[in-house]
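As a basis for the values below, the full set of heavy atoms in this structure was taken, side chains included, without hydrogen atoms, waters or symmetry mates.
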Amino acid sequence: MLIFYVRHGDPIYDPDQLTPLGERQAEAVAHRLALFGIDEIYASTSNRAMQTAQPLCEITGLKLKTLDFLNENYLDGLKVPLNEKKLDWVWSHTDYVPLLTSREVREMGDLWYTHPKLEQYHFDRVLNPINEQLDAFVASFGYGHDTDRGIYKIADNANIEKRIAIFAHECVGKIFMSHLLDIPFPYYSTHFEMHTSAFSVLRIDNRGVDKNGKPAYEHARAQLLTLSNDSHLYRDGLPLMHRFTRIRELY
């Protein structure tokens, strides 16, 4: 099974929509993903995510399905005070990054949010419900997530050739990837980024089929094949820009 996770295109957050550049990015990523033979298309219920998914729906003729639990609007609980007026994501806050990347937090594993300097924010109240729904979503394709062992139980009816595209957000992508790859959230969120309209490919590896077309193995693992791929922007002559460095490159 392949999951193509796409961050929405260049946005206007209020009102929630794509910029003209974001619309061109959406068209570019649609042309690229259509080559992979996508079977189903999903998006968060935010307008910018659905707008980014629409060109792929038009090219493939597939109907867009929405996943409300992937909407970024539900993630304010992962923000901490930046100053008296503003909040910032915990993984990019200058006061918390050194803590999240420390050995002290690493050794706490999945219970990292119980650290004395973090427990007041109850991050588990945001993360756990999303992780549960992610597991239910993947299980609907025949892959039961065993989080203790970091593997997936393959059901007899698993569609091992399924290819789906999901259009959502960077912050949701951090939760999505860290949980499905069984990488503790502080590690993933502080070290991996995702550009607008870039796609990442996650494979739940079935390791082949037997002579009857059934999964040849009982368990599968999740593997990240590519992260934040924006080659479609390069191909269409669109600017490549990382929002933190503010470096814009035209080829």
Side-chain angles (χ1 to χ4, degrees), residues 1-67 70-73 75 89 92 161-178 180-181 188-189 191-204 222-251:
M1 177 181 179
L2 291 177
I3 302 174
F4 295 79
Y5 187 95
V6 189
R7 184 185 176 192
H8 59 75
D10 188 57
I12 299 172
Y13 290 104
D14 187 15
D16 176 19
Q17 63 187 48
L18 296 180
T19 65
L21 173 60
E23 292 174 354
R24 293 186 64 190
Q25 290 175 338
E27 293 172 356
V29 74
H31 287 120
R32 180 66 188 277
L33 292 186
L35 299 176
F36 291 113
I38 300 298
D39 298 307
E40 297 182 22
I41 303 173
Y42 297 84
S44 101
T45 48
S46 74
N47 194 45
R48 59 188 180 277
M50 292 188 290
Q51 279 185 318
T52 308
Q54 193 57 43
L56 182 60
C57 293
E58 294 173 358
I59 291 174
T60 62
L62 296 172
K63 183 178 180 181
L64 180 63
K65 303 175 184 179
T66 56
L67 299 170
L70 294 184
N71 196 312
E72 188 181 71
N73 292 339
L75 299 184
W89 300 112
S92 60
E161 301 298 332
K162 178 73 73 174
R163 297 184 175 196
I164 66 174
I166 299 176
F167 293 78
H169 312 268
E170 181 187 27
C171 58
V172 176
K174 290 178 181 291
I175 301 172
F176 186 99
M177 292 296 178
S178 67
L180 295 186
L181 290 167
Y188 193 95
S189 65
H191 292 291
F192 297 92
E193 297 293 341
M194 189 177 295
H195 308 320
T196 52
S197 90
F199 65 89
S200 301
V201 185
L202 184 73
R203 176 174 67 183
I204 301 183
Q223 297 175 302
L224 185 62
L225 301 185
T226 184
L227 174 69
S228 196
N229 188 319
D230 60 0
S231 56
H232 49 285
L233 303 181
Y234 176 88
R235 186 187 66 178
D236 282 18
L238 296 174
L240 310 179
M241 184 179 74
H242 189 279
R243 63 189 177 89
F244 287 116
T245 62
R246 310 311 298 174
I247 295 173
R248 183 183 295 269
E249 300 180 16
L250 287 170
Y251 294 90

### For D16, salt bridge (Lys or Arg N to Asp or Glu O under 4.0 Å) partners two or more places apart
R48
Heavy-atom closest contact ([X] atom, [Y] atom, distance):
| X | Y | value |
| --- | --- | --- |
| G9 | T196 | C-CB, 4.0 Å |
| A168 | A49 | CA-CB, 4.2 Å |
| E193 | S228 | O-CB, 3.8 Å |
| V201 | L2 | CG1-CD2, 4.1 Å |

Is the backbone of [Y] close enough, under 3.5 Å, to the side chain of [X] for a donor and an acceptor to pair up by distance?
| X | Y | result |
| --- | --- | --- |
| Y5 | G173 | yes |
| T66 | T45 | no |
| H232 | S197 | yes |
| D39 | I164 | no |

Decide yes or no for [X] and [Y]: does some side-chain heavy atom of the first lie under 4.5 Å from some side-chain heavy atom of the second?
| X | Y | answer |
| --- | --- | --- |
| V6 | L56 | no |
| F176 | L202 | yes |
| R24 | D236 | no |

Spacing of [atom1] belonging to [X] relative to [atom2] belonging to [Y], to within rounding of 0.5 Å:
| X | Y | atom1 | atom2 | result |
| --- | --- | --- | --- | --- |
| E40 | L62 | CD | CG | 8.0 Å |
| Q17 | T52 | CD | OG1 | 11.5 Å |
| S189 | W89 | OG | CH2 | 11.0 Å |
| S231 | R32 | OG | CZ | 3.5 Å |
| I38 | I3 | CD1 | CD1 | 11.0 Å |
| I41 | L33 | CD1 | CG | 8.5 Å |

### Task
Answer yes or no: are there more than 12 heavy-atom neighbours, outside H191 itself, under 6.0 Å from its atom NE2?
yes
#### Entry: Parallel, tilted or perpendicular: ring planes of F36 versus F199, cut at 30 and 60 degrees
perpendicular
#### Entry: Derivation of the side chain to side chain contact (heavy atoms under 4.5 Å, CB included) call for E170 and K174
CA-CA 6 Å; E170 181 187 27; K174 290 178 181 291; 4.2 Å; yes
### Query
Would I175 and L75 satisfy side chain to side chain contact (heavy atoms under 4.5 Å, CB included), going step by step from the backbone distance to the final call?
CA-CA 10 Å; I175 301 172; L75 299 184; 4.0 Å; yes
### Task
For Y42 and L70, run side chain to side chain contact (heavy atoms under 4.5 Å, CB included): C-alpha distance rounded to whole Å, both residues' side-chain angles, the deciding distance at 0.1 Å, then the answer.
CA-CA 10 Å; Y42 297 84; L70 294 184; over 6 Å; no
### Message
Pair H8, S44 - check side chain to side chain donor-acceptor pair (under 3.5 Å), show working.
### Response
CA-CA 10 Å; H8 59 75; S44 101; over 6 Å; no
### Task
Take S46 and H169 through the test side chain to side chain donor-acceptor pair (under 3.5 Å) and record every step on the way to the result.
CA-CA 9 Å; S46 74; H169 312 268; 3.2 Å; yes
### Query
Passes side chain to side chain contact (heavy atoms under 4.5 Å, CB included), H195 versus L233? Steps please.
CA-CA 11 Å; H195 308 320; L233 303 181; over 6 Å; no
